[in-house]
Amino acid sequence: MGAFDPATILENLYWLKPEILLTIFAFLLLGLSVALPAELRHWAGWVGLVGILVAAILVVSYAPSVPFGAPKLEAGATVGAFADPAGRPSFVLDGFALFFKGLFLFAAALTILSAMKFLDVERAQGGEFYALVLFAVIGMMLLASGNDFATLYIGLETTALSSYVLVGFTRANPRSNEAALKYFVLGAFASAVLVYGVSLVYGATGTIHIGGIAGALAAAGGKRTLADLGAVLILVGLGFKIAAFPFHMWAPDVYEGAPSPVAGFVSTATKAAAFAMILRVYLQGFYPLVTSWTPLLVLLSVASMTFGNVAAVRQDNVKRMLAYSSIAQAGYLLMGLIAVGAARGDERIAAYGMTAVAIHLLVYTVTNLGAFGLVTMLRRGETAGDRIDDFRGLSARKPVAAAAMVVFLLSLAGIPCTAGFIGKWWLFGAVIQADMAWLAVVAVVNSAISLFYYARVVVAMYMTAGSQEGNVAVPAGLSAALAIACALTLWIGVYPSPFIRLAQTAVFPIPGR
Amino acid sequence: MFDGQLVTIVSFLPLAAALALIVLNQAARAAGSELSATVWKIAGLLASLATFAISLLLWTRYDTASADYQFVEHTPWLAEWGVNYYVGIDGISLLLILLTTFLQPIVLIASWNDIKHSLKSYVFFMLALETGMIATFAALNLFQFYLFWELMLIPMYFIIGIWGGPRRVYAAIKFFLFTMAGSLLMLVAMLVVYRLHFAQFGVLTLDLVAPPGTTLPGLLDTNIPMIDPIWWQTQPWLFAAFALAFGIKVPVFPFHTWLPDAHVEAPTAGSVILAGVLLKMGTYGFVRFALPLFPGAAVEFAPLIFGLGLAGILYGALVAMVQKDIKRLVAYSSVAHLGFVMLGTFALNDEGLKGAVLQMVNHGLSTGALFLIVGIVYERRHTRLISEYGGLSRVMPVLAVFFMIMMLSSIGMPALPGNGFVGEFTILLGAFALPQKVWAVLGATGIVLGAAYMLWLYQRTMFGKLDRPENQALKDLSFREVMTLLPLVILSFWIGLYPKPFLHILEAPVAKIVARYGGESAVPAVAEALEGRGGAR
């Protein structure tokens with residue numbers, strides 16, 4: 001009965017301030033899109049940005065009260081809300097949740113900055129776009145804090161539903177519609193598989209609470225076939241969300257059809273959110289099953305990076321190429337989880353692996369948003385701006401933008417002095433610490449393949465002549481987004497210490513087996 | 001003054017100048033004008049000359065008696081994870097840094113009128129490249145070494161790809177992919193050494209040796225097993241990963257296929273720097289990292305490397321002989337010469353190593369000069385086909401003299417100018433110290449072949465009938481062109497006639513590396529390995 005007492009509810013809601021605030025802003029934006037005359041609609045973007053900024057401040061304000069590195073997931077949590085009768089919170093705030101919330105807000109801010117002018121070009125300006133971005137972020141933030149499958153699923157679906165609409169936002173463009181439909185149908189199917197997996201796990205353990213599942217599985221000992229099956233099905237659902245091979249089929253079509261800023265958002269924030277869920281579910285709840293899922297992750301990882309990189313080589317469309325590259329990146333990211341799985345309970349290696357995933361997610365988000373920002377920039381009148389040919393001669397037309405694109409591509413390829421190298425250094429280091437050097441070798445062979453297709457874009461920009469047409473000024477918001485992404489990519493590459501420390505806040509202790 | 005920072009100043013002066021130029025250019029653009037291309041060229045030249053001057057200061061202050069790293073600077077970077085900004089030089093790096101700073105102004109002068117478009121970017125990339133090269137030679141932290149090692153490729157990629165010949169894009173991508181891909185396995189091996197070191201000492205570090213004033217164990221103190229249940233943390237595998245990265249860069253036969261393409265398509269300045277300095281990164285990597293880190297494996301692999309080096313010498317020479325294109329011929333001659341350097345390096349004794357390092361410098365001078373000469377005639381005739389030339393010595397006598405001297409340097413003629421002779425002779429001394437004389441004998445055969453293709457090239461281009469009308473009106477060298485070749489000739493004569501100061505610099509650091517192979521030299525161990533009785537120790 002305590003849980004329904006108004007004072008308790010208010011107390012619990014205290015920890016959801018950023019989410020609540022963003023919800024208010026999202027509804028405000030929906031209202032504005034009706035109320036504002038067409039010529040003032042682009043102001044909605046700024047309203048959305050203000051909302052994100054305030055939410056970010058709120059997220060940071062929790063930092064002092066959150067036990068970094070030592071979340072209280074069990075009964076008696078100091079920072080948790082909406083506990084079940086046993087006192088286990090379904091919503092937790094720990095360093096992990098805060099890190100990811102910050103990351104999502106950052107991605108959303110950059111997306112809105114890149115989209116503001118773009119929507120004018122597409123004649124799709126309106127508050128709904130920004131409201132949908134905010135709804136997606138709210139879902140992701142819930143996901144980062146989710147501590148039972150109900151909360152996690154609500155977060156996941158809020159994100160997914162908003163993303164489906166965002167992908168189809170340019171209604172006049174048939175490709176965008178097609179992409180949205182594909183994304184929706186396949187996404188719904190993946191969600192169904194995931195929920196089925198959850199139901200099996202519930203059947204096996206009698207709880208949907210992450211900590212409870214870990215406890216029940218540890219107690220069950222060898223009898224866990226049902227739970228294993230559930231874990232596999234959940235991995236299928238999440239594998240879809242992170243676009244890991246063989247659940248990647250939607251990604252190239254969706255990225256290509258989606259408006260470029262949305263493609264950037266879906267490829268970074270949505271992927272990071274799904275990774276947050278994988279980390280929470282597999283490294284907490286399913287940790288007792290570690291021997292079952294580690295080989296599966298190895299399989300997914302190797303297949304994703306190999307397939308993604310090989311397929312990317314043949315692409316002539318930059319967005320498709322980035323889609324395949326993002327499939328490969330999902331493969332790299334899984335290496336960090338594999339390292340935790342293969343660490344056999346070694347706390348130091350587990351922490352190393354989690355740091356690696358967190359830092360590489362940050363790196364990848366910054367870099368990929370930058371790369372999609374460049375594609376957004378090339379959208380002009382009749383040019384879609386996403387073919388490699390559209391990049392021809394860019395160094396002469398827009399030397400600064402071309403240089404920024406080189407930085408993003410080098411970072412995606414993992415070349416030193418850019419953020420990507422730091423991410424790979426940590427990921428490779430993690431698997432080597434966990435005695436899996438062969439996986440690092442597979443990854444570097446893949447990196448070598450990836451150099452080829454990233455170099456193709458550089459060739460187009462610097463070594464082939466292009467037309468001087470469409471040389472229009474870059475809108476201020478997009479310039480700012482690109483400048484932020486480029487500066488961060490170089491900063492993380494040259495002096496990563498503060499960012500690694502930030503990523504280390506996302507480390508939580510693995511439960512004892 | 002600034003002694004502690006001298007290496008940093010030398011390394012980063014070119015990049016700082018390049019960045020300053022960009023800032024000034026943007027400022028001028030904001031004011032409505034722009035820095036003209038000439039200003040960029042002059043500023044770039046001045047920056048590289050200043051770098052050369054400061055690097056001479058390094059030379060004068062270098063203490064040849066000490067085997068320690070000098071001008072050491074150690075600044076925490078990501079100290080928690082053992083990554084530090086750690087620079088310092090010994091005689092080996094000093095010579096290679098001097099070679100770099102010496103060649104850089106020369107190539108900038110050589111390309112003065114060569115570069116027709118995007119000249120500002122060209123100056124920027126050249127200066128950035130110089131920083132990358134010097135910083136690689138000075139790095140004593142493995143992370144930092146890797147960083148500059150890869151970073152340096154990017155300006156070179158652009159230099160080949162933007163200002164190169166007709167097949168420049170292909171050549172640039174091939175160069176980039178070969179060298180980048182090769183070094184990726186080294187990255188894994190580095191992380192494995194890092195892990196081994198941590199397991200043994202409980203400290204995370206990537207410093208090669210303990211920084212001055214501390215007793216922290218460096219990576220060189222790690223005991224890397226020859227045999228271990230975890231196969232990938234044994235010396236042979238780690239050595240192989242490093243050797244692949246360095247071997248592609250050298251290039252050791254059969255990883256040389258990128259080299260002719262890159263050389264032929266690169267603009268003259270690019271070819272000179274590529275042959276003069278970039279190839280030395282590979283051999284330097286062997287000397288600085290692979291040999292000291294994995295002594296056991298180096299001995300075990302010595303026969304293989306000998307074989308590959310020799311194959312390179314013979315193959316490079318034979319292929320050079322049949323080339324129709326002058327630049328391709330010079331490119332293949334590099335394969336042969338660097339095979340020689342590998343032979344000296346893996347003799348693993350004092351003479352061999354000293355000769356190898358000296359020969360790295362000599363090859364930089366002679367091949368650099370040959371590429372300059374090719375560039376000079378190409379600029380006039382727009383062809384590099386040997387058959388298009390003949391009798392040039394009559395219209396271009398000054399060029400003929402320079403060509404003669406540097407060609408003789410390349411084939412190892414004693415005393416004229418003799419630098420190639422000194423280098424090859426010292427290497428052969430090292431190789432003959434091994435009981436199996438056959439390697440040295442076969443290597444010496446390579447010298448004969450080298451003489452054959454070079455002399456034949458000279459005969460076909462410079463002598464004979466001046467029958468082509470286009471060739472009859474060719475102008476001899478301009479003052480600028482003489483100024484690019486003269487310093488190379490002077491330095492070649494110096495090394496050829498009085499090599500002592502150069503060999504003296506190498507004395508102490510080489511002895512230190514050889515000492516890791518158990519005392520005076522590794523001759524017995526290498527000899528044993530060559531006879532196939534080495535096996536795992």
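Below, chains carry the letters A, B, ... as their sequence lines are ordered, and counting in each starts from 1.
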Min side-chain heavy-atom separation A:Phe421-B:Glu150 under 4.5 Å: no
Taking all atoms of both residues into account, what is the closest heavy-atom pair of A:Ala448 and B:Leu177, and its distance? O-CD2, 4.1 Å
Does some side-chain heavy atom of A:Tyr462 sit less than 4.5 Å from a side-chain heavy atom of B:Tyr157? no
Can you tell me which portion of B:Ile162 sits under 4.5 Å from chain A's heavy atoms? Options are side chain, backbone, both or neither. both
With only heavy atoms counted, which part of B:Gln233 is less than 4.5 Å from chain A, the side chain, the backbone, both or neither? neither
Top residue by heavy-atom pair count (under 4.5 Å) with chain B, among A:Val441, A:Val458, A:Val444? A:Val444
Hey, does A:Ile415 have a side-chain heavy atom less than 4.5 Å from the side chain of B:Met180? yes
Is there side-chain contact between A:Phe428 and B:Met190, with at least one heavy-atom pair below 4.5 Å? no
Where on B:Trp77 is there a heavy atom nearer than 4.5 Å to chain A: the side chain, the backbone, both, or neither? both
Under 4.5 Å from a heavy atom of chain B, the part of A:Pro496 involved: both
Count the heavy-atom pairs under 4.5 Å between each of B:Val192, B:Ile230, B:Leu184 and chain A, then report the option with the highest count. B:Leu184
Between B:Trp149, B:Tyr146, B:Phe148, B:Phe158, which shows the greatest number of heavy-atom pairs under 4.5 Å with chain A? B:Phe158
Euclidean distance, A:Met463 CE relative to B:Ile173 CD1, rounded to 0.5 Å: 7.5 Å
Rounded distance (nearest 0.5 Å) linking atom CG of B:Leu151 with atom SG of A:Cys417: 4.5 Å
Does A:Trp491 CH2 have over 12 foreign heavy atoms under 6.0 Å away? no
So, for B:Phe143 and A:Trp425, is the gap between ring centers shorter than 6.0 Å? yes
Whether over 12 other heavy atoms sit under 6.0 Å from B:Trp258 CH2: yes
What part of A:Val431 gets within 4.5 angstrom of chain B, counting heavy atoms only: side chain, backbone, both, or neither? neither
Reported CD1-to-OG1 distance for the pair B:Ile154 and A:Thr418, which is rounded to 0.5 angstrom: 7.5 Å
Once rounded to the nearest 0.5 Å, what's the spacing between atom CG of B:Leu78 and atom CD1 of A:Ile500? 5.5 Å
How long is the gap from CZ on B:Phe198 to CZ on A:Arg348, to the nearest 0.5 Å? 4.0 Å
Would the B:Phe176 and A:Phe452 ring centres measure less than 6.0 Å apart? no
Applying a strict 4.5 Å limit to non-hydrogen atoms, the region of A:Leu410 in contact with chain B is side chain
Per-residue contact mode, A:Tyr454 against chain B (heavy atom under 4.5 angstrom): neither
Min side-chain heavy-atom separation A:Ile432-B:Tyr194 under 4.5 Å: no
Side chain from CB out, backbone as N, CA, C, O: work out which of these in A:Leu439 comes under 4.5 Å of a heavy atom of chain B, or both, or neither. neither
Is the distance between the ring centroids of B:Trp81 and A:Trp426 under 6.0 Å? yes
Any heavy-atom pair between the side chains of B:Arg195 and A:Asp435 that's under 4.5 Å? yes
